[in-house]
Each structure stands twice: as C-alpha cells, then as structure tokens.
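Naming: A, B, ... by sequence-line order, numbering from 1 per chain.
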Protein chains: 2
Amino acid sequence: MKLITRDTDYALRAVCFIVKNKKMVSVSDLVRELKIPRPFLRKILQVLNKKGIVRSFKGRGGGFTLGLRPEKIYLLDLLRIFQGPLKLNECTLNKKKCPKISVCPLSSKLNNIEKHVIKELKSITVASLIK
Amino acid sequence: MKLITRDTDYALRAVCFIVKNKKMVSVSDLVRELKIPRPFLRKILQVLNKKGIVRSFKGRGGGFTLGLRPEKIYLLDLLRIFQGPLKLNECTLNKKKCPKISVCPLSSKLNNIEKHVIKELKSITVASLIK
DNA sequence: ACGAATGATACTATTATGGTATCATTATCT
DNA sequence: AGATAATGATACCATAATAGTATCATTCGT
Ligand code: FES
Ligand code: FES
C-alpha cells in the first residue's frame with residue numbers, strides 16, 4: 001500500500017519547483033526539470049490552477065506562478081485534491097453509516113490512526129519541504 | 001483513500017467469529033453470520049489456511065478452527081497477506097532505490113508516518129478486538 | 001459408495017491509476 | 001492583423017488493483 005499516488009507526488013514536486021524558481025515557470029521548464037510526461041503534468045497543473053494553488057497565464061511567455069504562499073500549501077490538501085478524502089476508517093459492510101460504528105472496536109482504533117496521519121500530513125507544507 | 005480492503009476486513013471478521021465460536025466453523029456458518037459472498041469468503045479462508053492463521057478440515061463435518069492464539073493474530077499481518085507490504089513511503093520517481101532518498105525531506109517524513117501506522121496496526125490483535 | 005465439506009485454479013467485472021490526444025482559447029511578438 | 005507560443009477543456013485509452021464467480025478435484029465421515 002502506498003499513501004501518495006503519482007499525481008499528488010508530481011503536483012508536489014511541480015509546486016516546489018515553482019516556488020524555488022520565483023519567476024514564471026512553463027510546462028516545458030517543469031518537464032525538463034522533473035522528467036514527468038508532459039500531457040500528464042499539464043493535466044495536473046490545470047487542476048492545481050482551478051484549486052487556486054497555482055495561477056496560470058496563457059499565451060506566449062505564459063506559464064505558472066504560485067497562487068498561495070508556500071506555508072499555506074499543505075500536502076494534505078494536495079492529497080485530497082488528487083486522491084479524494086482520506087478516510088482510513090470506512091466500514092466495509094455499510095459504506096454509508098454503519099449502525100455498529102459507535103461500538104465497533106476496530107473503527108475507533110482506525111480512527112485514531114487516521115487522526116494521527118492527518119495531523120502529520122497537515123504539518124507538511126511546501127515551505128517545510130523547500131529549505 | 002482507505003487503509004483496509006475488503007478481503008483483509010472479511011478475513012478479520014471471519015477469524016473473530018471463529019474465535020468466538022470455539023468449535024469448528026464451516027463456510028456456511030460464516031456466510032450466515034457475516035453475509036459475505038460465499039465464493040469470495042472461501043478464497044479468503046484458503047489463504048488464511050495456507051498462512052497458518054486458521055486450520056482447515058475437509059470432508060463432512062469439516063470447516064475451520066483457529067491456527068494461532070488470538071493474541072498472536074495481528075491486523076498488520078492480515079493486511080500484509082491480502083494487501084502486500086505496507087510501504088507508505090515509496091519514491092515515485094525511482095521505484096527501486098532513489099539516490100536522493102537520504103536527503104529527501106518528504107521521504108523521511110513519510111517514513112515517520114509509516115512507522116507510526118505500523119506500530120498502531122501491530123497493537124491491534126484479534127484478541128484485542130474480541131472483548 | 002455417497003455426500004458434505006475444503007483445495008486448487010482459472011476466469012470475469014468494476015474501479016482506480018496513469019497516462020494520451022485533440023481542439024479551443026488567449027496573450028504576445030512581429 | 002496574423003503567426004506563434006503558451007494554457008484550457010475534454011475525451012479517450014492502457015494497465016493494474018480490487019472484488020468477486022465458477023468449476024472441478026480432493027478428502028473425510030457415515
Ligand atoms: S462493523 Fe461497521 S463500523 Fe465496524
Ligand atoms: S525523490 Fe526519491 S526519495 Fe524523495
């Protein structure tokens with residue numbers, strides 16, 4: 001099992017590069033630097049743009065800049081954007097609302113794990129990874 | 001994202017039921033109790049048998065008994081059996097051995113998360129869930 | 001010998017992941 | 001104004017993981 005999928009990871013690397021570069025960064029720059037398949041990276045950046053994490057500029061000389069301060073970009077948010085909500089604890093029997101959930105010993109333990117993971121992922125920001 | 005897939009979860013429930021029942025338990029008993037699709041459950045039990053977690057008895061009056069003491073059956077082991085190794089931290093760029101791994105700030109943070117999750121999952125045994 | 005149970009194994013359906021490909025739009029440079 | 005260089009929107013495709021089914025072989029108890 002892995003925690004982070006490729007799109008999340010690529011997004012993180014892309015954002016980090018944009019931060020470090022300060023100026024406008026084009027997809028070509030990113031492909032050169034990160035060696036990520038170009039169309040895939042483009043798709044990822046478009047999502048990041050829609051979510052306000054980067055800002056895009058069209059046309060000649062265009063590209064991407066940061067949309068948020070690096071201390072405000074949390075790995076947890078990237079993960080949620082690309083992988084959906086982090087629900088480590090979800091009853092296999094009843095996807096909606098399990099009636100046993102309040103007494104289910106497993107559920108409560110998984111909940112604790114989930115809380116810890118979320119806390120840790122919240123503590124990881126782009127800023128904290130740069131330096 | 002979820003931590004536990006169906007087969008792991010079903011396996012856990014099945015084993016718990018076997019523990020509680022003390023005597024021999026057949027697939028039919030389990031299907032009745034857990035409402036899990038029969039052929040799927042059978043496949044799961046065969047794996048558990050091969051791994052020594054349950055013991056199987058063929059023929060009329062056959063079924064399954066526990067192969068290990070409940071305190072010795074860890075959720076972590078079930079998870080590994082059905083979902084493979086728990087590697088929350090695996091570099092997306094180089095699946096084998098990333099040269100940057102020793103200096104990668106993300107890798108070290110994910111490693112900490114992984115350690116914590118593993119520790120917690122080790123603390124969850126069938127015995128601890130029964131009572 | 002028969003029936004009731006599991007063992008072994010191969011197949012299938014659905015979803016998630018990791019991408020490609022194409023055309024439209026917009027900004028800049030000449 | 002028109003060519004060019006960038007992103008936007010969208011639809012498509014390939015592979016792998018998940019969640020099962022289906023079938024036949026084997027073994028044990030009666
Ligand atoms: S059985 Fe549904 S939450 Fe545990
Ligand atoms: S870049 Fe490979 S371990 Fe972080």
ask   = Should Asp29(B) and Arg32(B) count as an ion pair when the cut-off is N to O under 4.0 Å?
value = yes
task = Grab the CZ-P distance between Arg6(A) and dA16(C) for me, whole Å please.
result = 19 Å
key: Closest-nucleotide 5' rank along DNA chain C - winner of Arg38(A) and Gln83(A)   = Gln83(A)
request  = Would you kindly give the CZ-to-C1' distance between Arg42(B) and dA19(D), to the nearest whole Å?
outcome  = 17 Å
request  = For DNA chain C, determine which residues of residues 9-31 of chain B have any heavy atom closer than 4.0 angstrom to one of its atoms, and list them numerically.
outcome  = Ser26(B), Val27(B)
request  = In whole angstrom, give the distance that lies between atom CG of Leu34(B) and atom P of dG20(D).
outcome  = 13 Å
Check: residues 59-71 of chain B side-chain donor-acceptor pairs under 3.5 Å, at least two apart:
residue, atom, partner, partner atom, Å
Arg69(B), NE, Glu71(B), OE1, 3.0
Arg69(B), NH2, Glu71(B), OE1, 3.3

key: Flag, side chain of Asn89(A) to backbone of Leu110(A), donor-acceptor distance under 3.5 Å   = no
ask   = dA17(D) P sits how many Å from Ile81(B) CD1, rounded?
value = 19 Å
query = Counting just side-chain N and O atoms, does Lys2(A) come under 4.0 Å of either OP1 or OP2 of dG18(C)?
reply = yes
inquiry  = Quick check on contacts: within residues 49-59 of chain B, what sits under 4.0 Å from DNA chain C by heavy-atom distance?
reply    = Asn49(B), Lys50(B), Ser56(B), Phe57(B), Lys58(B), Gly59(B)
message = How close do Cys16(A) and Ile130(A) get, counting heavy atoms only, and between which atoms?
response = O-CD1, 3.7 Å
task = Measure from NZ on Lys43(A) to P on dA21(C) and round the result to the nearest Å.
result = 13 Å
message = Is the ring pair His116(B)/His116(A) parallel, tilted or perpendicular, if the boundaries are 30 and 60 degrees?
response = parallel
task = Between Met1(A) and Gly63(A), name the one whose nearest nucleotide on DNA chain D is closer to the 5' end.
result = Gly63(A)
task = Check the distance between dG19(C)'s P and Leu45(A)'s CG and give it to me in whole angstrom.
result = 14 Å
note = Quick note, Arg60(A) side chain, CB onward, closest among dT4(D), dG3(C), dT20(C) is dT4(D)
query = How many Å lie between CD on Gln46(A) and P on dT25(C), as a whole number?
reply = 14 Å
request  = Have a look at Pro37(A) and say if it touches a base, only the backbone sugar-phosphate, or nothing, with a 4.0 Å heavy-atom cut-off.
outcome  = sugar-phosphate
query = Which whole-number value in Å describes the distance from Phe40(A) CZ to dT10(D) C1'?
reply = 16 Å
ask   = Looking at Asp9(B) and Leu106(A), what are the two nearest heavy atoms and their distance?
value = OD2-CD2, 4.3 Å
task = To the nearest 0.5 angstrom, please state how far the NZ atom of Lys2(B) sits from the CG atom of Leu88(A).
result = 12.0 Å
message = Working to the nearest 0.5 angstrom, can you tell me the gap between Leu48(A) CG and Leu78(A) CG?
response = 6.5 Å
inquiry  = Could you check whether any side-chain N or O of Glu114(A) sits under 3.5 Å from a backbone N or O of Lys87(A), counting only pairs where one atom can act as donor and the other as acceptor?
reply    = no
